[in-house]
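What follows is a single structure, written as structure tokens, with notes after it.
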Amino acid sequence: MPATTLDQLVSLCKRRGFVFPSSEIYGGLQGVFDWGPLGVELKNNIIASWWRTNIYERDDMEGLDAAILMNRLTWRYSGHEETFNDPLVDCRNCKSRWRADHIKGRCPNCGSTDLTEPRPFNMMFKTAVGPVADADSFAYLRPETAQGIFVNFANVLASSSRKLPFGIAQVGKAFRNEINPRNFLFRVREFEQMEIEYFVMPGTEEAWHERWLHDRLDWWESIGVPRARIKVYDVPPQDLAHYSRRTYDLMYDYPTLGYEEVEGIASRSDYDLGSHSRDQETLGLAARTNLNRDSTARLTYFDPESKRHVVPFVIEPSAGVGRCVLAVLAEAYDEQMVKEPPSDRLRPVADALEAFLKSAGRSEKIAADLRDALLERGQAIAAGLPETLPQVETLLAMPGADQIELGKKLRGQAQAPVDEYFRTVLHLRPHLAPVRVAVFPLKRNHEGLVAMARSIRRSLQTGGRIRTVYDDTGAIGKLYRRQDEIGTPFCVTVDFQSLEDGTVTIRDRDTMQQERVPASELGAYVELKS
Ligand code: GAP
């Protein structure tokens, strides 16, 4: 079964070390997460794939890594100081604060409709640069990476001698003081963006906009998010951001959330380069910009054909790394029943689940909304048995579940049949998998097997091309399951035959088929199949 709820992904990410709440031992920080050992590998592989596709496999792109802190004037002339706002409302009854367009006129905390009128709340984080906090030291943490590209346009153009059309790509952190961060990695306060600003001759922007839409959808397909799971939303004019003439939002069908934006592809006209330029009145700008008396540069391009300076138009594909990771995990996630559990193994779990739900229904230790969510989820699991058996662990990871005493008993009953009859698999594309190869010795206390397994690990990992781990902490079947759950495409086992003829078994994650391969050919085999 593919992932049907966001909770399944949250539970996997916590359990296997993809993502942790930030500073958890101090109670965490809302809307901020840390990438664990497997998460950082997956995230870096996604970023590497994006960089490879958009920079190395094209000949019209340059890379950039601009600073997070920028002169405050950047944000004045970009329009963010004035317009980067969300509508904030207060609940007069319980004093909580909400984003007006997320709550349909009713406080999600207490249900009251006694709300203040929405007022603009600027989402940029503020800080001070240097030891004295005054007007001169005031700075923002950037809310998007894009502006670092625009203010460097002239530097990149001069140093690279590029001709239009060309683009500049950047991956980096962005910060937004979201009023209500929520849904795990989906809406957070600190996140990474992968952004391209593609500069084109005015008049060619519509064709380039369509071309980028096509190219970006191809990339999503290449990382395992198929075209059929993305809707292209042509944002209506009244909902466009202040800089945009037209935007296509790529909407992915997230479990629990439904279709939500994973990437925006905006046609930004000459708004950005025009806004950051001096002598604007001489540039014949198409966009309406604020008057800029502070910039020291004219951000134009000299067109050798017409012998005129023009302000290029911009197409901007902009994707969030966290939302991308979530979409990739959701697509890859699969709970497979390897064989049907017999009814005498299932009945004790069904009974324990029923008792747990009864106890949860009576419990006064947990808030009503958490209790309702637990009951709804638990009943869905009970109705879907045996296929839903692995979801018991997700149920027990839900907020409030740890308050129910019978949870321990339920976990105890479910664990053994889940291990025996199911496997959770991440069908990640091999180039994205946090671990590409896992190597096991058939026996962990046999010197020859261990030495050969460790030497295979070292040789595959050499040069950093194939992320390989060694593991001998359990029986082979259990080790396979553990690697399936984190998406490792290949598992290599060193057995007694290996010591005689130098061959090993290599098991395919998706088909579970095994082949014997000479250990010396493993690297080539893995590269070929990846
Ligand atoms: N430079 C254009 C720009 O920043 P955006 O639509 O505000 O456009 C681009 O953001 C992408 O960044 C979104 O499609 C989304 O993937 C990601 N993103 C934006 N806000 C986010 C948040 N609070 N948490 C996680 N990702 C976010």
Any carboxylate oxygen within less than 4.0 angstrom of a Lys/Arg side-chain nitrogen, looking at [X] and [Y]?
{"X": "Glu485", "Y": "Arg15", "result": "yes"}
{"X": "Glu81", "Y": "Arg76", "result": "yes"}
{"X": "Arg308", "Y": "Asp303", "result": "no"}
{"X": "Arg187", "Y": "Glu260", "result": "no"}
{"X": "Arg176", "Y": "Asp86", "result": "no"}

Which residue is it: Thr145, Val321, Val171? I am looking for the one with a side chain to side chain contact (heavy atoms under 4.5 Å, CB included) to Gln193.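 Between Gln193 and the candidates, side chain to side chain contact (heavy atoms under 4.5 Å, CB included) is satisfied uniquely by Thr145.
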
In a check of side chain to side chain contact (heavy atoms under 4.5 Å, CB included) between Phe199 and each of Leu299, Leu157, Leu164, which one passes?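 It is Leu164; the other options fail the test.
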
Side chains of [X] and [Y]: does their closest heavy-atom pair fall under 4.5 Å?
{"X": "Ile196", "Y": "Trp212", "answer": "yes"}
{"X": "Gln147", "Y": "His276", "answer": "yes"}
{"X": "Asn183", "Y": "Tyr254", "answer": "no"}
{"X": "Glu192", "Y": "Ile47", "answer": "yes"}
{"X": "Thr74", "Y": "Tyr140", "answer": "no"}
{"X": "Trp35", "Y": "Asn44", "answer": "no"}
{"X": "Tyr198", "Y": "Met61", "answer": "yes"}
{"X": "Leu115", "Y": "Ile103", "answer": "yes"}

Given salt bridge (charged side-chain N to carboxylate O under 4.0 Å, His left out), test Arg119 with Asp90 step by step and report yes or no. CA-CA 10 Å; Arg119 61 192 184 283; Asp90 286 305; 2.7 Å; yes

Starting from the C-alpha separation in whole Å, work towards a yes-or-no answer on side chain to side chain donor-acceptor pair (under 3.5 Å) for Glu331 and Tyr252. CA-CA 10 Å; Glu331 279 305 312; Tyr252 173 71; 2.7 Å; yes

Minimum heavy-atom distance between [X] and [Y], given as atom pair plus value:
{"X": "Arg458", "Y": "Thr462", "result": "O-OG1, 2.7 Å"}
{"X": "Gly111", "Y": "Arg106", "result": "O-NH1, 2.9 Å"}
{"X": "Pro489", "Y": "Val435", "result": "CD-O, 3.4 Å"}
{"X": "Pro118", "Y": "Pro87", "result": "CB-CB, 4.0 Å"}
{"X": "Arg245", "Y": "Ala286", "result": "NH2-CB, 3.6 Å"}
{"X": "Val89", "Y": "Ala100", "result": "CG1-CB, 3.8 Å"}

Within the side chain of [X], is there an N or O that forms a donor-acceptor pair under 3.5 Å with the backbone of [Y]?
{"X": "Arg298", "Y": "Ser277", "result": "no"}
{"X": "His209", "Y": "Ile265", "result": "yes"}
{"X": "Arg429", "Y": "Ala332", "result": "no"}
{"X": "Arg457", "Y": "Val469", "result": "no"}
{"X": "Thr256", "Y": "Leu6", "result": "yes"}
{"X": "Asp249", "Y": "Glu261", "result": "no"}
{"X": "Arg436", "Y": "Arg467", "result": "no"}
{"X": "Thr204", "Y": "Val200", "result": "no"}
{"X": "Glu205", "Y": "Gly203", "result": "yes"}
{"X": "Asp270", "Y": "Leu273", "result": "no"}

Are side-chain N/O atoms of [X] and [Y] paired as donor and acceptor at under 3.5 Å?
{"X": "Gln8", "Y": "Thr394", "result": "no"}
{"X": "Trp208", "Y": "Ser267", "result": "no"}
{"X": "Tyr248", "Y": "Glu210", "result": "yes"}
{"X": "Thr473", "Y": "Asp471", "result": "yes"}

Give, for atom OG of Ser49 and atom CD of Glu57, the distance between the pair rounded to the nearest 0.5 Å.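 Interatomic distance, Ser49 OG to Glu57 CD, rounded to 0.5 Å: 8.0 Å.
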
Separation between CG of Leu285 and CD of Gln280, rounded to the nearest 0.5 Å: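 Output value for this atom pair is 6.5 Å.
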
Applying the ring-ring contact (aromatic ring centres under 6.0 Å, His included) test to Phe33, which of Phe20, Phe184, Phe18, Phe191 qualifies?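 One option only clears the test, and that one is Phe184.
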
Aromatic rings Tyr271 and Tyr243: how do their planes relate, parallel, tilted or perpendicular, breaks at 30° and 60°?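 Aromatic pair Tyr271/Tyr243 classed tilted.
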
Decide yes or no on side chain to side chain contact (heavy atoms under 4.5 Å, CB included) for Arg142 and Trp75, but give the supporting numbers first. CA-CA 8 Å; Arg142 68 180 177 199; Trp75 306 107; 3.4 Å; yes

Thr247 and Glu316: CA distance, side-chain angles, deciding distance, side chain to side chain contact (heavy atoms under 4.5 Å, CB included) verdict: CA-CA 9 Å; Thr247 295; Glu316 181 201 58; over 6 Å; no

I'd like to know whether Glu195 forms a side chain to side chain donor-acceptor pair (under 3.5 Å) with Ser318, so could you lay out the CA-CA distance, the side-chain angles of the two residues, the decisive distance to 0.1 Å, and finally the verdict. CA-CA 4 Å; Glu195 296 204 296; Ser318 169; 2.6 Å; yes

Taking the six-membered ring for Trp, are Phe153 and Tyr301 closer than 6.0 Å centroid to centroid?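 Between Tyr301 and Phe153, which both carry aromatic rings, the centre distance is not below 6.0 Å.
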
